[in-house]
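Source: prediction; values computed, not measured.
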Amino acid sequence: MTEPTTPSRLTLLVSEEAESERLDRFLASEFEDRFSRERIKTLIQEGRVYVNGRPVMKPAHRLKEGDTLALSVPEARPVALALESIPLEVLFEDDALLVVNKPAGMLTHPAGRETTGTLVNALLAHCGESLSGINGELRPGIVHRLDRDTSGLLMVAKTDQAHRFLSAQLQERSAKREYRAIVQGDPPQESGTVNAPIGRHPKQREKMAVVPAGREAVTHWEVIERIHGRFCYVHLRLETGRTHQIRVHMAHIGFPIVGDPQYGRGIEKTLKLKTRGQLLQAYRLRFVHPVTKAPMNFEIPVAPEIEAALRRLRDL
């Protein structure tokens, strides 16, 4: 777990499991909700990552058990991204944070050559300079993210203090994130837990997979409705927040999310079911406010795309 020691300094202790792991890969995994792999690489090459008190500028540096790592995160630079007046569904906003409902089809933040049309572009227009700078100029305010085609609730930090407080809740698992989805297949049980480590796919690097050397990942699922013995409408709850976690876990146990272009079976094409991607929605979010310490609870209705798919599948 990370421990903020100053407003811009984060520390970690390397465990036995991380022995011999590359510095950049280890940090990218530990801070996957906060920094991209490229952002980590840049911090290392700028001399902002310290191993046992000394700067290490090689991303491929191999770690040893017991190493102490420190990241000195610089103050945010002026953002060069476009401010776009994209409509935002804001459920809550004050001086510390926002809670927004991200639509399916929208990237959370710029990635690769896609630097427009993202949630961050919309947030910059909505908030101006009032966003946390911890995640750097491409991810201002982003505490956690959703895949492009996953819709639903996201916390956005306006201040660095709020960002650190919200991130700590995610890492300590006190913040609760719940999802709904349509999966292919008919599970024999009414509920279950997938406890399987997730890491980068060994051959298809754009994908994640259940791998022995991956990071701990725990997903709880429960059947809401069975549909003709071929599909299930399910409720899911995360304990951890790995990249593509729900999508990977459900595919791993044989019940992939309908519409998933990377981990699904393509049944939506056979049924001519119109989807923009995986039928997955982050519909409930609970956390403690970083300033008032009041419990915050948000829930949104079923996404129209999931509702339409349910009607179509029931009519088969």
Side-chain angles (χ1 to χ4, degrees), residues 1-12 27-28 30-36 39-40 43 48 70-79 81 83-84 86 88-102 106-110 118-146 150 152-178 238-241 243 282-300:
M1 178 182 163
T2 63
E3 178 188 349
T5 54
T6 73
S8 61
R9 193 173 179 85
L10 305 167
T11 62
L12 285 170
L27 291 177
E30 288 295 320
F31 295 107
E32 64 181 347
D33 281 330
R34 301 181 66 174
F35 306 118
S36 68
R39 173 71 167 153
I40 289 293
L43 289 173
R48 298 183 183 277
L71 286 78
S72 179
V73 183
E75 294 296 322
R77 293 177 291 176
V79 176
L81 296 173
L83 283 65
E84 300 181 66
I86 302 170
L88 277 177
E89 184 180 346
V90 179
L91 280 74
F92 175 84
E93 181 174 8
D94 65 8
D95 291 339
L97 62 93
L98 302 90
V99 174
V100 300
N101 181 14
K102 185 191 81 68
M106 174 185 274
L107 280 174
T108 301
H109 54 76
T118 74
L119 178 63
V120 162
N121 296 105
L123 288 168
L124 289 171
H126 180 82
C127 299
E129 297 181 357
S130 299
L131 287 173
S132 162
I134 284 179
N135 262 351
E137 63 182 30
L138 292 183
R139 299 187 184 191
I142 301 301
V143 179
H144 60 124
R145 62 186 186 273
L146 294 174
T150 298
L153 298 173
L154 281 172
M155 299 180 285
V156 178
K158 285 188 172 183
T159 69
D160 288 359
Q161 183 269 339
H163 198 136
R164 289 190 296 273
F165 192 90
L166 296 171
S167 294
Q169 290 184 66
L170 290 172
Q171 294 191 19
E172 293 164 0
R173 306 182 186 181
S174 58
K176 305 299 181 184
R177 292 170 287 172
E178 298 177 59
L238 292 179
E239 277 197 31
T240 53
T243 301
Y283 80 97
R284 185 180 290 156
L285 180 62
R286 291 179 286 174
F287 59 92
V288 173
H289 193 282
V291 178
T292 68
K293 304 303 186 289
M296 308 293 287
N297 299 284
F298 300 92
E299 184 172 335
I300 52 177

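Judged as a side chain to side chain contact (heavy atoms under 4.5 Å, CB included), and not counting sequence neighbours, the contacts of Thr243 are Glu32, Arg145, Met208. Scanning for salt bridge (charged side-chain N to carboxylate O under 4.0 Å, His left out) contacts around Glu84 gives an empty result, with sequence neighbours left out. Looking at residues two or more places apart in sequence or on another chain, you find a side chain to side chain contact (heavy atoms under 4.5 Å, CB included) between Ala175 and Gln169, Leu170, Phe287. Under the salt bridge (charged side-chain N to carboxylate O under 4.0 Å, His left out) criterion, Arg284 pairs with Glu178, Glu299, sequence neighbours left out. For the side chain to side chain contact (heavy atoms under 4.5 Å, CB included) test, residues two or more places apart in sequence or in another chain that qualify with Glu89 are Leu91, Asn101. Annotation: side chain to side chain donor-acceptor pair (under 3.5 Å) contacts of Ser174 (sequence neighbours excluded): none.
With contacts defined as side-chain heavy-atom distances shorter than 4.5 Å, the pair Val73/Arg39 qualifies. Within the 4.5 Å cutoff, the side chain of Phe165 has heavy atoms near those of the Val288 side chain. Looking at His289 and Leu97, their side chains come closer than 4.5 Å, going by heavy atoms from C-beta outward. Side-chain contact between Leu124 and Pro140: present, with at least one pair of heavy atoms (C-beta onward) separated by less than 4.5 Å. Residues Ser132 and Asp160 meet the side-chain proximity criterion, which asks for heavy atoms closer than 4.5 Å.
From Ser167, atom OG reaches atom CG of Leu10 across 9.0 Å, with rounding to the nearest 0.5 Å. The CG atom of Asn121 sits 14.5 Å away from atom NE2 of His126, with the distance rounded to the nearest 0.5 Å. To the nearest 0.5 Å, the span separating NE2 on His163 from CG on Leu131 amounts to 10.5 Å. Considering CG of Leu119 and NE2 of His109, their distance stands at 10.0 Å, rounded to 0.5 Å.
For the side-chain contact (heavy atoms from CB on, under 4.5 Å) with Thr108, the qualifying choice from Leu123, Leu154, Val156, Thr118 is Leu154, the only one to do so.
Heavy atoms from other residues, nucleotides or ligands lying under 6.0 Å from CG of Asp95 number 12 at most.
Heavy atoms only, all atoms of each residue included: Ala96 and Val291 are closest at CB-CG2, 3.9 Å. Contact detail for Ser72 and Leu43: the closest heavy-atom pair is O-CD2, 4.4 Å. Closest of all the heavy-atom pairs between Leu166 and Pro290 is CD2-CD, 4.1 Å. The shortest non-hydrogen separation linking Ala282 to Ile300 is O-CD1, 3.8 Å.
At least one donor-acceptor pair closer than 3.5 Å links the side chain of His144 to the backbone N or O of Met155. Checked by atom type and distance alone, the side chain of Lys158 pairs as donor or acceptor with a backbone atom of Asp94 at under 3.5 Å.
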Given the rule in the side chain to side chain contact (heavy atoms under 4.5 Å, CB included) test, do Met296 and Val99 qualify, once you have shown the distances and angles that lead to the verdict?
CA-CA 10 Å; Met296 308 293 287; Val99 174; over 6 Å; no
